[in-house]
Asker: 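Okay, handing you the structure first.
No experiment lies behind these values; they were computed from the predicted model shown. Throughout, a chain's letter reflects where its sequence line sits, starting with A, and its residues are numbered from 1.
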Protein chains: 2
Amino acid sequence: MFSKSCEYGLRAIIFIAQQTSKNNKVSLNTISKEIDSPQAFTAKVLQQLTKNNLVKSIKGPYGGFIIEEEKMNTKLSEVIRVLDGDAIYTGCGLGLKQCDANSPCPLHHRFVEIRNDLRNMLESTSLQILANDLNGDLTILKR
Amino acid sequence: MFSKSCEYGLRAIIFIAQQTSKNNKVSLNTISKEIDSPQAFTAKVLQQLTKNNLVKSIKGPYGGFIIEEEKMNTKLSEVIRVLDGDAIYTGCGLGLKQCDANSPCPLHHRFVEIRNDLRNMLESTSLQILANDLNGDLTILKR
DNA sequence: AGATTAAAGGATCTTTTTATCCTTTTTTAA
DNA sequence: TTAAAAAAGGATAAAAAGATCCTTTAATCT
């Protein structure tokens with residue numbers, strides 16, 4: 001479904017969101033341990049999230065990553081768009097370059113329906129919400 | 001969503017199904033032209049489908065591929081399972097090795113719902129149905 | 001100022017996926 | 001019974017994704 005980059009990125013940003021909600025700043029080292037991901041690779045992913053302004057990075061001792069207040073409202077759809085592009089929202093299930101209601105692939109109509117559900121779900125799920133679930137021990141990020 | 005192998009495989013098998021429904025046998029050459037896919041690569045994919053008995057191959061002059069009567073009822077879910085495995089039905093959206101209702105990742109509950117819809121759709125869509133749509137010019141396999 | 005800490009960035013390596021090429025096997029028809 | 005056609009199979013190549021290593025930059029504390 002999602003690339004490894006995207007999986008790590010989602011886990012990382014959700015973890016940072018949770019920690020931010022508890023007023024903690026977290027280092028790459030901590031992140032990769034807590035979400036069980038390869039550290040150097042996760043660093044690259046975090047760089048992308050930083051460049052795209054979804055997380056804020058702080059260099060030097062006592063540095064790390066946080067999410068700024070207003071960015072806690074970021075939707076998963078946005079994180080995924082940054083890391084995997086929007087093929088998942090727009091691409092044809094059978095890989096046709098052009099495929100739409102006018103000239104649909106055999107799966108098109110069945111597909112758009114499910115994809116819309118997916119998109120709606122991702123567009124209505126914010127980091128804030130997921131951080132709360134995590135804080136309430138309703139979910140886990142590891143294993 | 002699906003691998004290239006799977007995309008080509010789905011397009012190919014749907015095309016073969018359509019041709020079979022019109023009593024035509026089709027060669028690899030024709031298939032790769034009609035679905036616009038790399039021929040040698042498509043050959044490998046067709047070999048997998050043949051080994052798994054979803055299509056029947058016939059060697060020699062006037063050879064090619066057909067789908068046997070009873071296999072026209074094959075569901076897309078089965079084709080995908082053969083080519084991509086069942087990660088798409090069972091894997092965790094965030095890539096956790098273990099993720100279920102007991103210890104769910106932050107996306108788990110939202111995800112299973114959509115994935116069930118996807119699975120239901122794929123399990124209820126047969127080659128026969130798609131071949132009919134194609135015959136009625138309701139859909140296309142190229143472009 | 002100097003030492004230390006942590007992220008950023010560049011280069012490189014590994015694995016997997018995608019793709020091609022060439023030989024072998026099977027079948028058909030002249 | 002030989003030539004041709006078409007799928008099967010093996011080997012290899014190219015591209016993309018995943019992962020690691022090392023150097024540079026920025027910030028902090030003593």
Side-chain angles (χ1 to χ4, degrees), chain A residues 1-13 15-16 19 24-67 80 83-85 87-88 91 94-95 97, chain B residues 1-13 15-16 19 24-67 80 83-85 87-88 91 94-95 97:
Chain A
M1 175 105 270
F2 304 126
S3 70
K4 284 287 167 193
S5 292
C6 195
E7 288 178 358
Y8 299 149
L10 286 167
R11 306 218 300 268
I13 203 170
F15 176 67
I16 299 170
Q19 292 301 309
N24 292 149
K25 193 187 316 171
V26 281
S27 69
L28 167 63
N29 192 6
T30 303
I31 294 170
S32 66
K33 271 182 187 119
E34 290 299 318
I35 69 171
D36 189 26
S37 68
Q39 178 162 335
F41 192 66
T42 306
K44 300 294 184 192
V45 178
L46 286 170
Q47 279 173 37
Q48 288 186 75
L49 296 178
T50 302
K51 274 185 203 151
N52 284 274
N53 228 27
L54 297 182
V55 308
K56 185 170 193 296
S57 77
I58 297 145
K59 280 188 171 185
Y62 300 85
F65 297 87
I66 58 168
I67 293 181
I80 292 164
L83 297 175
D84 272 1
I88 194 168
L94 299 190
K97 283 152 213 144
Chain B
M1 174 106 270
F2 305 126
S3 70
K4 282 288 167 193
S5 293
C6 195
E7 288 177 0
Y8 298 149
L10 288 167
R11 305 217 302 265
I13 202 169
F15 176 67
I16 300 170
Q19 292 301 309
N24 293 149
K25 194 187 314 171
V26 280
S27 70
L28 167 63
N29 191 8
T30 304
I31 294 170
S32 67
K33 271 184 187 117
E34 289 301 316
I35 69 172
D36 189 25
S37 67
Q39 178 162 334
F41 191 66
T42 306
K44 301 294 184 192
V45 178
L46 285 171
Q47 280 172 37
Q48 287 183 255
L49 296 179
T50 302
K51 275 184 200 152
N52 284 275
N53 228 27
L54 297 182
V55 309
K56 185 171 192 297
S57 76
I58 296 146
K59 280 187 170 184
Y62 299 85
F65 298 87
I66 58 167
I67 293 181
I80 292 164
L83 297 176
D84 272 0
I88 194 168
L94 298 190
K97 284 153 212 145

Asker: Tell me the interatomic distance from B/Ile66, atom CD1, to D/dA6, atom P, rounded to whole angstroms.
Answerer: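 In whole Å, D/dA6 P and B/Ile66 CD1 are 16 Å from each other.
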Asker: Using side chain to side chain contact (heavy atoms under 4.5 Å, CB included) as the criterion, point out the one residue from B/Leu54, B/Leu46, B/Leu83 that pairs with B/Ile13.
Answerer: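 The residue from B/Leu54, B/Leu46, B/Leu83 that satisfies side chain to side chain contact (heavy atoms under 4.5 Å, CB included) with B/Ile13 turns out to be B/Leu54.
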Asker: Keeping B/Asp84 on the side-chain end and B/Ile80 on the backbone end, is there a donor-acceptor pair under 3.5 Å?
Answerer: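 Flag not set: sc B/Asp84 to bb B/Ile80 has no pair under 3.5 Å.
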Asker: Can you measure A/Leu46 atom CG to C/dG9 atom P for me and round it to whole angstrom units?
Answerer: 13 Å
Asker: Using every non-hydrogen atom in the two residues, find where B/Ile35 and B/Arg11 come nearest and quote the distance to one decimal.
Answerer: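 What the structure gives for the nearest pair is O-NH2, 2.6 Å.
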Asker: Quickly work out the A/Phe65 CZ to C/dT5 C1' distance and round it to whole Å.
Answerer: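 My rounded result for the distance is 13 Å.
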Asker: Report the distance from atom CG of A/Asn52 to atom P of C/dA8, rounded to the nearest whole Å.
Answerer: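 Atom CG in A/Asn52 sits about 13 Å away from atom P in C/dA8.
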Asker: How does protein reach along nucleotides 17-30 of chain D, written 5' to 3' as B (base within reach of a heavy atom under 4.0 Å), S (only sugar-phosphate), or - (no contact)?
Answerer: -BBB----BBBBS-
Asker: From NZ of B/Lys56 over to P of C/dT26, roughly how many Å is that when rounded to an integer?
Answerer: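 So the NZ-P distance, B/Lys56 to C/dT26, works out to 15 Å.
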Asker: If you take all heavy atoms of B/Leu94 and A/Glu7, which pair is closest and at what distance?
Answerer: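 Minimum heavy-atom contact is O-CB, 3.5 Å.
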Asker: With a 4.0 Å limit, can you tell me whether B/Ser57 has a side-chain N or O closer than that to the phosphate oxygens OP1/OP2 of D/dA6?
Answerer: no
Asker: Any chance the side chains of B/Ser37 and B/Thr42 put a donor and an acceptor closer than 3.5 Å?
Answerer: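 There is such a pair (donor and acceptor under 3.5 Å, judged by atom type) between the side chains of B/Ser37 and B/Thr42.
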Asker: Taking any heavy-atom pair under 4.0 Å as a contact, classify B/Lys51: base, sugar-phosphate, or nothing.
Answerer: sugar-phosphate
Asker: Rounding to an integer number of Å, can you tell me how far B/Gln48 CD sits from D/dG10 P?
Answerer: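 About 14 Å, once rounded to whole Å.
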Asker: Distance check needed: D/dA5 P versus B/Ile31 CD1, whole Å only.
Answerer: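 For the pair B/Ile31 CD1 and D/dA5 P, the rounded distance is 18 Å.
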Asker: Taking C-beta and beyond as the side chain, do B/Glu34 and B/Val26 meet within less than 4.5 Å on heavy atoms?
Answerer: no
Asker: What integer distance in Å separates A/Lys25:NZ from C/dA7:C1'?
Answerer: 12 Å
